[in-house]
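Only one structure is covered here, and it is reproduced in the block below.
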Amino acid sequence: MDLKEIISKMTLEEKAGMCSGYDFWHTKSVDRLKIPAIMVSDGPHGLRKQDLESDHISFNESIKAVCFPTGSAIGSSFDKELINELGKELAIECQAENVSIILGPAVNIKRSPLCGRNFEYLSEDPYLTSSLATSYIKGVQSKNVGTSLKHFLANNQEHRRMTSSSEVDERTLREIYLAAFEDVVKKAKPWTVMCSYNRINGTYASENKRFLTDILRKEWGFDGFVVSDWGAVNDRVKSLKAGLQLEMPDSKGINDKRIIEAVKSGELDELLLNQTVEKILTIIYKFTDNRIPNTVWNLEEHHNLSRKISSECMVLLKNDGLLPLNKNDNIVFIGEFAKIPRYQGGGSSHINSFKTSGAIENMANYENITYAQGYMTEEDVIIPELVKEAVKAARQSKVAVIFAGLPDSFESEGYDRTHMSIPNCQNHLIEEITKVQPNTVIVLHNGSPIEMPWINKVNSILEVYLGGQAVGEATVDILFGDVNPSGKLAETFPIKLKDNPSYLYYFGEKDVVEYREGIFVGYRYYDKKEMDVLFPFGHGLSYTSFEYSNMKINKSKISDNDEVEIIADITNTGKREGKEIIQLYISSINSNIIRPERELKEFTKIHLLPGEKKTVKFTLNKRAFAYFNTEINDWYVEDGSYNIEIGKSSRDIVLSRKISYTNNQPIKNIYTENSTFGDVLKNPEAKKIIEPLIASTSFFLINSEDYDENAAITPQMHDAMINHMPLRGVFSFGDKSITHSDLKQILEKLNNLS
Ligand code: BGC
């Protein structure tokens, strides 16, 4: 297909029209040139294809489909293969339904537990986020369906999301917020990227040339089209120039006219319009030319997949041995969520599930397993009769399993939470049950961390997140040990909201939201401060036990172009088969740069039979050790030692090896008269050159033979003082033997050092 030729035949009106939707979900067709329209649909954890009356926040029903576990759950699977399988199956649904692009994955970083949309996002860590998103996209696109990597960029809150400006410094953008997208774009090549609603450092994401063109396309090699989040266009001409190709939904023709006028007036180069259209047409034809006709999908099969994925994502947060339960014991399931589970969040990702069932429904064959409502999901108030009934049932049972969590109205797209608590009635219920029942399990349905004031009073806690429509079945699979839990937290659970590093600045002032915690997001902050947390990043228990041993690295020294291989043995030392997530962190030793204690740089998930041992292997390169150096505007590794750490969580490092790193391109120091003695003295060659300056500033110590030990300044104190003194200090504090021209010569010598 010669796209340039097609474009040459298009009128200005047709070209401008191609840059926005026909309606909510379709692009425009041009019948006279046989240009087809394509349909896009949300995403990310199921297909939300709206057939009739369209809107973007799920007022109207979409087709019956399968709701898979949401991002919050999927992140905890740490399972690239599983996510890849999910992507493939979603693409099969899309092919069958003639949907060209599924609008996901959503890779915004969980900056605060309050973000209403955290349930759609994967993690507080950019490496985990980008690895899982890469697998998802590779899965979807392997079936010739496109994805829309969203929401680009720094869209970490719902509060004032269409007007607020995320004020983020360059290093933080690079290491945290851009990093969540970078590898995905480079490795998975998404067909489209969706720009977010907000501004970044004052400029709307949709008008931000630096991000949409300079970084996304030029640096990372993106070759698809950028689509606006629905309604994210502020100034259409500015956005087109910045690199936003498709505006969604349609603008009722208003912005098409703006584009036409801008071309006519010379404000917009028609060549840029042609290039924009070419990018859109490339993706349209990529889908239509490679349709996989007659694709069918089966709702029941996908429901079963949803169940499998859901159980792989659940995180056993606490267990004193009460779990797994025995199906023949007298057990009471308490809480409305046991009957009507909460399994997805509100807003544009809302799936019209063809079926769902609560955990209790799946135990219908067991008369010994009973149910008590305990609370009303959408109520905060305590209903005494419900509590009384639940307490009575708990008393009569061997074990009480309380299903708790956040109601729909607490977590949704479009607004944020204001606190981290579950409804009062649920906290009260848990307290009351634990007074009468020493065997209590808590099952949690929530898309983001919650506070747990009762944590020390319960025996076990199972975090099921918003686990998709099969969450009831999957919960039962885990509770009774048919599946061994294997998820680990993709985010830290702080003890209380105030512990979170963004707490002081999160909602910002009007439209200014400063990301003052910088790179210290999630565990990067809690670990550096050695703060107590409820559950650390990467934490998750199993019904079996794993032993880590024999860590080896194939090099003890590396530099920029090298790779280092790391291996370690993992053994299942328990009696059940199970899966383990092995995490690799890098920690810099004695860095001169402000860096987190450790950062996740690799992970894998393996299955082990009882007694089985497997060797895991990781490969690291420069980037794993690097930080973003804003002086050279590039990733850079300081010379020095690093610990390569293998652990069960960010707080449970089991194995560690030291490696030394020498970079190939040391940054050349530029010395000035304001360079400090300390900085200059770091270079041993420089030391010789500045000896006259040192002598000059220490004349009263060195020259005085009758040095008095009781003098106010000792040699050690002198050294410490000049450490932070600029070289020009020699004029004020030296013996006057150094002239300006001497210092000039010394600086010349210093700057000639290689
Ligand atoms: C959401 C996007 C979604 C789009 C289309 C927007 O409100 O932010 O994530 O894909 O609507 O429904």
Side-chain angles (χ1 to χ4, degrees), residues 20-27 38-63 65 67 70-72 74 90 94 97 99-110 115-122 129 133 136-137 140 145-164 166 180-181 184 190-199 204-206 224-234 244 246-251 344-352 411-416 447 466:
S20 68
Y22 169 73
D23 58 15
F24 247 85
W25 305 117
H26 297 87
T27 59
I38 53 169
M39 180 179 199
V40 303
S41 282
D42 280 302
H45 47 261
L47 189 59
R48 185 174 72 102
K49 182 184 176 191
Q50 283 190 317
D51 261 351
L52 301 163
E53 279 285 286
S54 303
D55 67 79
H56 76 304
I57 40 174
S58 292
F59 285 133
N60 297 309
E61 276 204 351
S62 45
I63 60 160
C67 178
T70 62
S72 59
I74 280 173
L90 284 171
C94 290
E97 299 293 340
V99 169
S100 62
I101 293 165
I102 183 161
L103 302 172
V107 298
N108 300 89
I109 292 291
K110 299 181 196 226
C115 175
R117 224 173 165 180
N118 273 359
F119 71 87
E120 272 186 76
Y121 302 149
L122 295 164
T129 298
Y136 176 100
I137 292 178
V140 174
V145 169
T147 52
S148 200
L149 180 66
K150 65 189 187 182
H151 310 84
F152 192 60
L153 176 75
N155 173 199
N156 310 93
Q157 63 184 53
E158 292 300 283
H159 181 78
R160 299 176 80 101
R161 68 172 171 171
M162 294 184 84
T163 51
S164 67
S166 304
F181 289 85
V184 195
W191 289 13
T192 76
V193 166
M194 189 190 291
C195 79
S196 55
Y197 286 122
N198 54 293
R199 307 172 213 233
Y204 270 113
S206 60
F225 68 72
V226 175
V227 56
S228 68
D229 197 346
W230 269 231
V233 168
N234 171 54
L244 185 144
L246 179 66
E247 173 184 9
M248 285 302 276
D250 66 292
S251 65
Q344 64 175 329
S348 62
S349 66
H350 201 90
I351 305 298
N352 186 4
E411 271 179 313
S412 167
E413 177 176 341
Y415 57 92
D416 291 330
L466 302 186

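Just so you know, these numbers use all the heavy atoms, side chains as well, and skip hydrogens, waters and symmetry mates. Note that ligands are numbered from 1 as they come in the structure, with each ligand's atoms numbered from 1 the same way.
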What's the verdict on side-chain contact (heavy atoms from CB on, under 4.5 Å) for Tyr136 and Leu90, showing C-alpha distance, side-chain angles and the deciding distance?
CA-CA 10 Å; Tyr136 176 100; Leu90 284 171; 3.5 Å; yes
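Numbered from 1 in the order shown, with element, the atoms of ligand 1 that lie under 4.0 Å from a heavy atom of Asp229 read 1 (C), 2 (C), 3 (C), 4 (C), 6 (C), 7 (O), 8 (O), 11 (O). Listed by atom number, the atoms of ligand 1 under 4.0 Å from Trp25 heavy atoms are 5 (C), 12 (O). Interface atoms of ligand 1 facing His151, defined by a heavy-atom separation under 4.0 Å, are 2 (C), 8 (O), 9 (O). Near Ser348, meaning under 4.0 Å from one of its heavy atoms, ligand 1 places the atoms 1 (C), 2 (C), 3 (C), 9 (O), 11 (O), 12 (O). Heavy-atom proximity to Leu103, at under 4.0 Å, picks out these atoms of ligand 1: 10 (O). Atoms of ligand 1 found under 4.0 Å from any heavy atom of Arg161 (numbered from 1 in listed order, with element): 7 (O), 8 (O). Ligand-side atoms of ligand 1 in range of Met194: 10 (O), range being under 4.0 angstrom from any heavy atom. Residue Lys150 has at least one heavy-atom neighbour below 4.0 Å for each of these atoms of ligand 1: 2 (C), 3 (C), 9 (O), 10 (O).
In this structure the side chain of Ser62 reaches within 4.5 angstrom of the side chain of Asn352, judged on heavy atoms. Looking at Glu120 and Pro44, their side chains come closer than 4.5 Å, going by heavy atoms from C-beta outward.
The NE2 atom of His151 sits 3.5 Å away from the CZ atom of Arg117 when rounded to the nearest 0.5 Å.
Put simply, the side chain of Thr129 never gets that close to the backbone of Leu122: no donor and acceptor are under 3.5 Å apart. Checking side-chain atoms of Trp230 against main-chain N and O of Phe24 turns up a donor-acceptor pair under 3.5 Å. At least one donor-acceptor pair under 3.5 Å links the side chain of Thr192 to the backbone N or O of Thr147. Looking only at distances, no side-chain donor or acceptor of Asn198 sits under 3.5 Å from a matching main-chain atom of Met162. Judged by distance alone, with hydrogens and angles left aside, the side-chain atoms of Asn118 form no donor-acceptor pair with the main-chain N or O of Lys110 at under 3.5 Å. A donor-acceptor pair is defined here as one N or O able to donate and one able to accept, closer than 3.5 Å; no such pair exists between the side chain of Ser20 and the backbone of Asp250.
Heavy atoms of Glu158 found under 4.0 angstrom from ligand 1: none, in either backbone or side chain. Residue contacts with ligand 1 for Met162 are absent, since no atom lies close enough (heavy atoms, distance under 4.0 Å). Using a 4.0 Å cut-off between heavy atoms, Glu413 contacts ligand 1 through its side chain alone, with no backbone atom that close. Contacts of Phe24 with ligand 1, taken as heavy-atom pairs under 4.0 Å, are absent altogether.
In terms of polar-atom proximity, defined here as any N/O pair under 3.5 Å, Trp230 makes no such contact with ligand 1.
Taking 4.0 Å as the cut-off, Arg48 counts as a neighbour of ligand 1 on heavy-atom distance. Residue contact check for ligand 1: Met248 places no non-hydrogen atom closer than 4.0 Å to it.
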